[in-house]
Amino acid sequence: MEKNKLQNIENWLDERFDLTPIKKLITHKKVPIHNHSVWYYMGGISLFLFIVQVLSGLLLLMYYIPGEDNAYESVQFIVTKVDFGWLVRNIHSWSANMMVFFVFLHMFSVFFTKAFKKPRELTWVSGFLLLLLALGFGFSGYLLPWNELAFFATKVGTDIVGVVPFIGDAIKVVLRGGDDVTGATLSRFFGIHVAILPALFSVFLVIHLIFVQKQGMSEPEHFEKLDESKKKYIPFFPNFVLQDALLWIIVLIILLSLTLFFPWELGLKADALASAPIGIKPEWYFMFMFETLKLLPANILFIEGEVFGILAFGLAGVIWLFIPFINFSKKKELNNKIIRWIGIFAILYIVIFTIKGYLI
Amino acid sequence: MGTNRRKFLNSLLGIGGIGALSAIIYPIMSYLVPPKIAEVKVNSLKVGPVSDFANINSKIVKFGRTPVILLKDNQGNFKALSATCTHLDCIVQFDNEQQQILCACHGGRYDLTGKNVSGPPPKPLKEFNVNIIDNEIRITSQEA
Amino acid sequence: MNINTKFICNIFAIVLVFTAITFANDNLQSAQNSKKYTDECIKCHSENDMMPEHFSENDIHLQNGLSCAGCHGGLSTSADEEIAMSKKNGFVGVPTKKEIPNFCGKCHSDISKMQVFQARISTDQVSQYYISKHGMQLKIGNKDVATCIDCHTSHSILPASDTRSTVYAANIPNTCNNCHGNSDLMNKYNLKSNQVEEYSKGVHGIALLEKHDNSAPACNDCHGNHGAAPPGVKSISHICGSCHVNNMNFFNNSNMAEPFAGLEIKACEQCHGNHLIAKPSDEMLNVKTSTTCTECHDKGEDGYIASEMFYEKLTQLSELYDSTKAMSEKIAIIGMNNIEIEYELKNVKQALIQSRTLVHTFDTSKVVGRTNEGVLASLNALKLADHEIEEHDNRRIGYGISTLILILLAGALYLKIKGLNT
């Protein structure tokens, strides 16, 4: 009985929208099984956390009021007065951090398994852009509660943007909506956070996912070389999907635990005239850059240290973005080696400087 | 695999799924119901119509967390001052006889502009803006 | 003239004007600098090392252009000693101790002279001085007493608002102590010499000298400054009451005012002391340990019973306030909302402060009424706190249930996957 009904619905849809490609995708897509299969799940977890972000963000929008006079009070209102408001706000903050973390994991796993190679160059590019957008989400969302720490972190952050030669100052003024971080900045960041970034993010996310589905799972080299008979696969549906779901549930439990036992503080309301509090720190995913800029000498070669640092990071970002298109050597072996060392260097650099930022 | 076992597993999945779904939907629904307490609007406060002050010349109102004393002078002009005494945080009152603001705790006195004139208060009372829009008195914070 | 030359001429003219202005400024400054040295008194006295002791260039008189001759007379423009310090030119020299008040009063009692510096300046210092103990003794030739210069110095006089001044609020106890701390001198007049020592241990002294609260009274705020005298018995509550207004009013209207006056008991001082005024505590009302009330009221008397009741009510409210405050802190620490609790706590604190002041009415119904209001507010705050704690626990229960469901689901899913893969 039930099967028939489902069949009927399927037929009805099929007549109006050709379902064969989707059916084909579902039935034919398979996931290779090998030592590094675990990394296949990182993208899925990032996607799950993004969905959590969208939902909790929409809920926050129901009560949040942007603006100097109301932002802090409305967040305070959400956290103290609204039923489960504390939960929603904490989930949004924690999930944001976890999402950035898993996006980084996803990126490095793709990097080391060299999954960005032909034909997946554009998947890599769109993925890296998604990472940048996620960082943009983090930076703009941090200011929205309008508390002291966020206020000064934004001040420092936008100041750094202002250092970029030629265009930096203009970008800074546009970002801030004036010369200083004020209520105008808050309005802009709100707009960026809830309209501009989501729109851009959705576009790239769709592109990214279409690519992933079209191309199927990437097979690492050692797996590709195996005999067809020795290659093990599991079907994407339902096996892989269910495993994904299992992981999502586990991530959700972790998220809930963090939310309950390590709630985010709201802190004090931002006061433009107050002196900067001791120990203003950017969010952890900006720490390595912040720390680098702090350590650079005043002058490198003929330019300012800070400018040098920002240009260096910009250059590194561009290289990273175009890494699928760069051939370091004609020899494949050597090329692979160079890429691996670049990746190891990047991870070590980020980890060491982040730890340094927190410990020293 | 036995059919019984599979059936059991499937129903477990079903129950778990419904449970998890309700564990997500219940908080969301409760969240969406606005709390009964009026929203804390700390940047401005509606006190009521001017006619409320026909027979009285002072009233203490709750402006977010801080008490504010609203005064009406003989010319019918309104003034709002923080009602927290700058000495030891008591709540002040209007002294009609002397046309002053009095803190009953230690007898601190302020004049009607909020300036501390006698007794222990070390600082004047902070002032709030008063606007009358459509015959309704509104108090706004000067900081905003 | 073409435009270019005209332009250059204009520039030249501007430069010329600016140079002229700069030079003029320089001249003005050097004129001001040299003015100090044209005063022949200072010139000659400093050359011969005959400047008065403790002479300071910051002296308010010197700063306002009043030099030596302004007080001592003479002709300050003459370098000739004979002419400069001749009686003909009004030279009066050093005044004797007895002459000092009127020596300063030449200007300070003359409103037309003083008005120049400050519109509403008072000029009654000298007349005030002569009604003080110091002034009266000086009149009959006593040379032990303080005159103007003993408090204000003679040649480094600074306004009372200047922190370096001997009469700056925080420096006054020290200044008075120069004489009043000298036991040999004070023994002559049967006076104690430990007032400043006691004062600095009291609540006022600690506030002024340790907490640097300049609104706390120094010696002169109770004893007067120029009209310095010990406060009379009748006026003591007026003196304390000039700051402690409510306490004075409550006391004066209480049924204790009359018996106190009749027995010539000093109102405030009797319980609180004079120089060593300890921070008042509820313990002062404890009939078991303190003698404040029991000094006069024996067990069974109304006063004794009232004291017992005040003590009980105040300690009850005070303990309740402390425990509510601790509760509020606990709420904040566990990450819950204590904003409303803090608001209610303010009311409790206010009730406590007011009840303590109301003790001076010696009226049990008033004190009990106010403390009860505080108790109610406190209970209300505790109720809010309970609600927050309940919410805090509910969150944990909710978390437990939902986690359990999720783990169950995860387990079932795991088994399902295992089944699929085999």
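Residue numbering restarts at 1 for every chain, and letters A, B, ... go by the order of the sequence lines.
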**Prompt:** Closest approach of C:L413 and A:L246, non-hydrogen atoms and distance?
**Reply:** CD2-N, 3.3 Å
**Message:** Measuring from atom CD1 of A:I253 to atom CG of C:L404, what distance do you get when rounded to the nearest 0.5 angstrom?
**Reply:** 9.5 Å
**Message:** Nearest 0.5 Å, please: how far is CG in A:L256 from CG in C:L406?
**Reply:** 6.5 Å
**Asked** So with a 6.0 Å cut-off around CZ of A:F262, is the heavy-atom count from everything else above 12?
**Response** no
**Item:** C:I339 versus chain A, the contacting section by heavy-atom distance below 4.5 Å
**Value:** side chain
How about the chain A/chain C donor-acceptor pairs under 3.5 Å, what are they, with distances?
| from | atom 1 | to | atom 2 | distance (Å) |
| --- | --- | --- | --- | --- |
| A:K81 | NZ | C:E340 | OE2 | 2.9 |
| A:N239 | ND2 | C:N421 | OD1 | 2.6 |
| A:S257 | OG | C:Y399 | OH | 2.5 |

**Prompt:** For A:F101, does the CZ atom sit with more than 12 other heavy atoms under 6.0 Å from it, leaving out its own atoms?
**Reply:** no
**Request:** Just jot down the side-chain contact (heavy atoms from CB on, under 4.5 Å) partners of A:A153, sequence neighbours excluded, or say none.
**Result:** A:Y142
